[in-house]
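Just so it is clear, the values below take in all heavy atoms, side chains as well, and ignore hydrogens, waters and symmetry mates.
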Amino acid sequence: MLDFSSEVFYRGECFYAYKYFGAHITDGGVMFRVYAPAARRIELIGEFNGWNGENSAMKNDGRGFYELFVPNACEGQMYKYRVYQANGRIVDKADPYAFASELRPGTASIIASLDKFKFTDSKWINSRTKLYDEPFNIYEIHFGSWKMPNGGITEESKPDELWYNYSEIADELIAYVKEHHFTHIEILPLAEHPFDGSWGYQAAGYFSATSRYGKPQDLMEFINKCHNNGIGVIIDFAFVHFVRDDYAMGMFDGTPLYEYPPSDVNQSEWGSYNFNLSKGEVQSFLMSSAAFWLDIYHFDGIRMDAISNAIYWMGNKDRGINDRALDFVRKMNWNLDNTFRNVILIAEDSTDFPNVTRPVEKGGLGFDYKWDLGWMNDTLEYFKLDPFLRQYHHNKINWSMAYFYNERYLLPLSHDEVVHGKATIVNKMWGLYGEKFSQARSLYTYMFTHPGKKLNFMGNEIAQFREWDETKEPDWFLLEYPSHKGFARFFNDISAVMEAHPAFYKHDYDSSGFLWIDANDNHNNIYSYIRKSEKDAFIVIMNCAPVTHENFPIGTEYPCELTEILNTEWDIYGGCNVRNDKKIKSEDIPYNNFPCTAKVTIPPFGTVIFEVKKINRPVKRMTVKPKTTRK
């Protein structure tokens with residue numbers, strides 16, 4: 001057992017509180033510990049004492065740390081704390097530090113062992129990097145609905161037929177992820193939560209992997225399999241707010257122990273309690289929770305939700321910066337980064353607050369990546385527009401590179417963009433059925449060739465039209481239809497292109513890896529740019545108008561030969577098959593501030609990627625001889 005210091009806990013510097021609090025199995029029984037400084041009395045109730053706490057009062061050390069050793073308690077038994085609160089109420093509460101929980105609608109905690117499973121992933125852990133100059137392509141999933149028994153939950157579904165187990169789904173999911181060239185799986189929050197429709201973002205058990213999909217050992221086995229197959233796993237972590245249900249942490253000892261006191265910042269916009277991030281005990285709780293998922297389950301990274309609500313009071317810039325919350329974020333990130341080898345820390349942040357991905361030692365918040373929600377919003381808004389109107393909104397596409405190197409951005413098309421009446425990615429596209437597919441292919445080519453790491457939510461890769469619903473799996477049957485089958489093939493190919501060529505990942509965060517050819521061709525709705533590394537170079541041309549261009553001139557940096565390696569309008573993807581079948585040699589004619597020109601064909605609503613091979617010869621400057629006059 002780790003030595004526990006109450007002073008360190010109160011200061012908000014306890015990183016392993018879960019090794020002290022909770023239900024710990026020892027020789028001959030179980031030791032229970034909980035923190036409730038304002039409680040008048042706490043009784044331990046559970047299956048081991050018939051849920052009768054009269055003779056199971058926990059001992060208080062005088063500072064609010066309660067404990068009780070139960071000789072006859074054992075793994076798998078349910079328990080709760082009967083809290084005699086400071087306000088006079090008597091409430092049965094789940095253990096905030098429980099390692100397992102009863103399946104909803106039950107709310108009991110469960111005694112669980114966390115040391116039975118033996119990981120075999122040390123090689124993976126020791127070789128992890130931050131992936132700044134490597135492929136980083138994330139497949140975001142809701143674990144319960146990626147694949148479901150009978151395709152989804154119905155009124156006739158039995159409790160044991162609602163979801164697949166962590167272990168049951170592992171092999172199929174890993175094979176799928178590898179086939180589609182994803183490097184990581186990001187899972188929506190797995191902390192125990194009472195309401196399926198919250199997707200885990202309103203948690204009740206911050207040390208308890210949800211019982212919906214199995215036991216702790218099942219999740220460990222899943223992650224271990226991912227690592228042994230070269231796949232990283234990231235967990236979503238909602239540390240700003242928690243569920244208000246009476247059995248959980250709210251008013252735990254009769255006072256706002258974890259949340260702010262009743263005020264306008266007590267409750268979040270989602271109807272949950274806001275964590276009081278200025279309290280040392282809360283900081284220790286949350287910092288320990290983040291460490292728990294990395295330590296016990298071997299997750300490779302944490303995507304932290306709603307960072308804007310930690311930066312500003314209630315996420316509102318006009319209300320000012322929450323300095324104590326930011327101090328906590330810096331402290332948590334510094335500790336995580338310095339404790340776990342190359343763990344990846346990702347901020348879901350919609351603000352323009354500076355230095356989010358700058359190291360804590362240099363005055364930043366200490367995240368490795370930040371979601372580029374500006375890029376996401378601008379890009380999707382552009383593709384919704386009538387092509388005629390796009391010329392007046394050209395900067396919705398070219399603006400991202402004006403600020404891109406301010407942070408280490410990650411490009412997300414996440415679950416948030418395919419729910420609540422927003423329409424799915426393909427259905428956001430302007431136009432009729434076929435036009436939507438063409439433009440979605442261009443959008444994704446733009447995404448995968450734009451600097452920055454990538455994230456896509458499940459269903460995006462098959463161009464699903466139905467919005468995501470946690471009670472139904474994606475519409476996999478769509479792959480029987482040519483348009484969706486072609487789109488899935490395209491998505492696989494563009495992912496493979498990004499993974500195979502350093503130009504598309506090596507210098508994501510270095511301006512040497514990107515160069516506009518023409519960012520201002522708004523009359524044609526065309527964007528062209530170069531991605532390059534020391535080993536390779538590519539030209540990308542995106543046509544956002546329903547017009548074919550032949551012999552279209554583009555500037556090149558040097559004499560070169562262009563080969564079309566991907567065209568979103570190839571017929572194998574369901575496109576019109578307007579293409580560049582032959583290699584194209586540049587001419588020594590200056591164009592748009594470039595020394596050479598290449599003339600290419602661009603399909604309607606199409607994006608083309610050309611591999612650039614330099615021709616080793618000097619540029620032949622064209623000269624014009626002066627006219628002479630006969631005498």
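- For residues 319-329, the pairs satisfying side chain to side chain donor-acceptor pair (under 3.5 Å) are Y260-N322, D264-R319, D327-R330, with sequence neighbours left out.
- Judged by distance alone, the side chains of E467 and T424 never bring a donor and an acceptor atom under 3.5 Å apart.
- Taking the six-membered ring wherever Trp is involved, the centroid distance between the rings of F21 and F99 does not fall below 6.0 Å.
- Side-chain contact check for S288 and K19: no donor-acceptor pair (N or O, by modelled atom type) lies under 3.5 Å.
- Salt bridge annotation for R128-D300: present, with a cationic side-chain nitrogen under 4.0 angstrom from a carboxylate oxygen.
- With sequence neighbours left out, E269 forms a side chain to side chain contact (heavy atoms under 4.5 Å, CB included) with N309.
- In terms of modelled atom types and a separation under 3.5 Å, the side chain of D245 and the main chain of Y247 share no donor-acceptor contact.
- Taking a cutoff of 4.0 Å between a charged side-chain nitrogen and a carboxylate oxygen, D92 and R82 qualify as a salt bridge.
- Legend: residues meeting side chain to side chain contact (heavy atoms under 4.5 Å, CB included) with A36, ordered by chain and number and at least two apart, are A39, I42, Y66, F252, D253.
- Between the side chains of S101 and S208, at least one donor N or O sits under 3.5 Å from an acceptor N or O.
- Tested against F222, the residues F117, F143, Y297, F119 include a single ring-ring contact (aromatic ring centres under 6.0 Å, His included) partner, F143.
- When all heavy atoms are compared, the tightest approach of L190 to Y166 is CD2-OH, 4.1 Å.
- A salt bridge (Lys or Arg N to Asp or Glu O under 4.0 Å) check over residues 452-466, counting only residues at least two apart or in different chains, returns the pairs K453-D508, R466-D475.
- Checking T120 against N224 by side-chain atom types alone, a donor-acceptor pair falls below 3.5 Å.
- Side-chain polar atoms of T210 and H193 form no donor-acceptor pair below 3.5 angstrom.
- Residues meeting the side chain to side chain contact (heavy atoms under 4.5 Å, CB included) test with N338, sequence neighbours left out: W334.
- Here the two rings, on H181 and F491, have centers that are 6.0 Å apart or farther.
- In terms of the side chain to side chain donor-acceptor pair (under 3.5 Å) criterion, K428 has no residue partners (sequence neighbours excluded).
- Evaluation of the side chain to side chain donor-acceptor pair (under 3.5 Å) rule for W313 yields no partner, not counting sequence neighbours.
- With hydrogens and angles disregarded, no donor-acceptor distance shorter than 3.5 Å links the side chain of E161 to the backbone of P149.
- Side-chain contact, R244 with Q267: a donor N or O sits under 3.5 Å from an acceptor N or O.
- For the residue pair Y10 and E281, no side-chain donor N or O sits within less than 3.5 Å of a side-chain acceptor on the partner.
- Annotation: F328 is not in aromatic contact with F275 [ring centroid separation under 6.0 Å not met].
- The six-membered or imidazole ring of F207 lies away from that of W293, with a centre-to-centre distance of 6.0 Å or more.
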Kindly indicate, with the supporting measurements, whether the criterion side-chain hydrogen bond (donor to acceptor under 3.5 Å, both in side chains) is fulfilled by E470 and W199.
-> CA-CA 8 Å; E470 75 278 356; W199 312 329; 3.0 Å; yes

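- Sorted by first and then second residue, the pairs that involve residues 116-127 and meet salt bridge (Lys or Arg N to Asp or Glu O under 4.0 Å), not counting sequence neighbours, are E75-K116.
- Applying the salt bridge (Lys or Arg N to Asp or Glu O under 4.0 Å) test to every pair with at least one member in residues 198-216, sequence neighbours left out, gives these pairs: E192-R212, D196-R212.
- Between the side chain of S157 and the backbone N or O of I153 there is no donor-acceptor pair closer than 3.5 Å.
- Centroid-to-centroid, the aromatic rings of Y213 and Y164 stay 6.0 Å apart or farther.
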Could you please spell out the steps behind the side-chain hydrogen bond (donor to acceptor under 3.5 Å, both in side chains) verdict for S167 and K225?
-> CA-CA 9 Å; S167 299; K225 278 189 174 182; over 6 Å; no

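- Y409 and Y369 have their aromatic ring centers separated by at least 6.0 angstrom.
- Salt bridge D337/K130: present, at least one basic N to carboxylate O contact under 4.0 Å.
- Applying the salt bridge (Lys or Arg N to Asp or Glu O under 4.0 Å) rule to pairs touching residues 136-147 yields K147-E172, sequence neighbours excluded.
- Applying the side chain to side chain donor-acceptor pair (under 3.5 Å) rule to D295 yields the partners Y18; only residues at least two apart in sequence or on another chain are considered.
- Geometric assessment of R303 against the ring of W371 yields a positive cation-pi assignment under the 6.0 Å and 45° thresholds.
- Between F4 and Y20, the ring centre distance stays below 6.0 Å.
- Counting only distance, with no hydrogens or angles, the side chain of E102 and the backbone of A108 share a donor-acceptor pair below 3.5 Å.
- Looking at K317 and D352, a side-chain N of the basic residue comes within less than 4.0 Å of a carboxylate O on the acidic one, giving a salt bridge.
- Q283 contributes no side-chain N or O that, together with a main-chain N or O of G280, makes up a donor-acceptor pair within less than 3.5 Å.
- Checked by atom type and distance alone, the side chain of T357 pairs as donor or acceptor with a backbone atom of R408 at under 3.5 Å.
- Side-chain contact check for Y505 and N137: no donor-acceptor pair (N or O, by modelled atom type) lies under 3.5 Å.
- Not one N or O on the side chain of D218 forms a donor-acceptor pair closer than 3.5 Å with the backbone of G214.
- Within the 4.5 Å cutoff, the side chain of L114 has heavy atoms near those of the M220 side chain.
- Here Y139 and H180 keep their ring centres 6.0 angstrom or further from each other.
- Applying the side chain to side chain donor-acceptor pair (under 3.5 Å) test to E179 and every residue at least two apart in sequence or in another chain returns nothing.
- For the residue pair S272 / H241, a side-chain donor-acceptor distance below 3.5 Å is found, with atom types taken as modelled.
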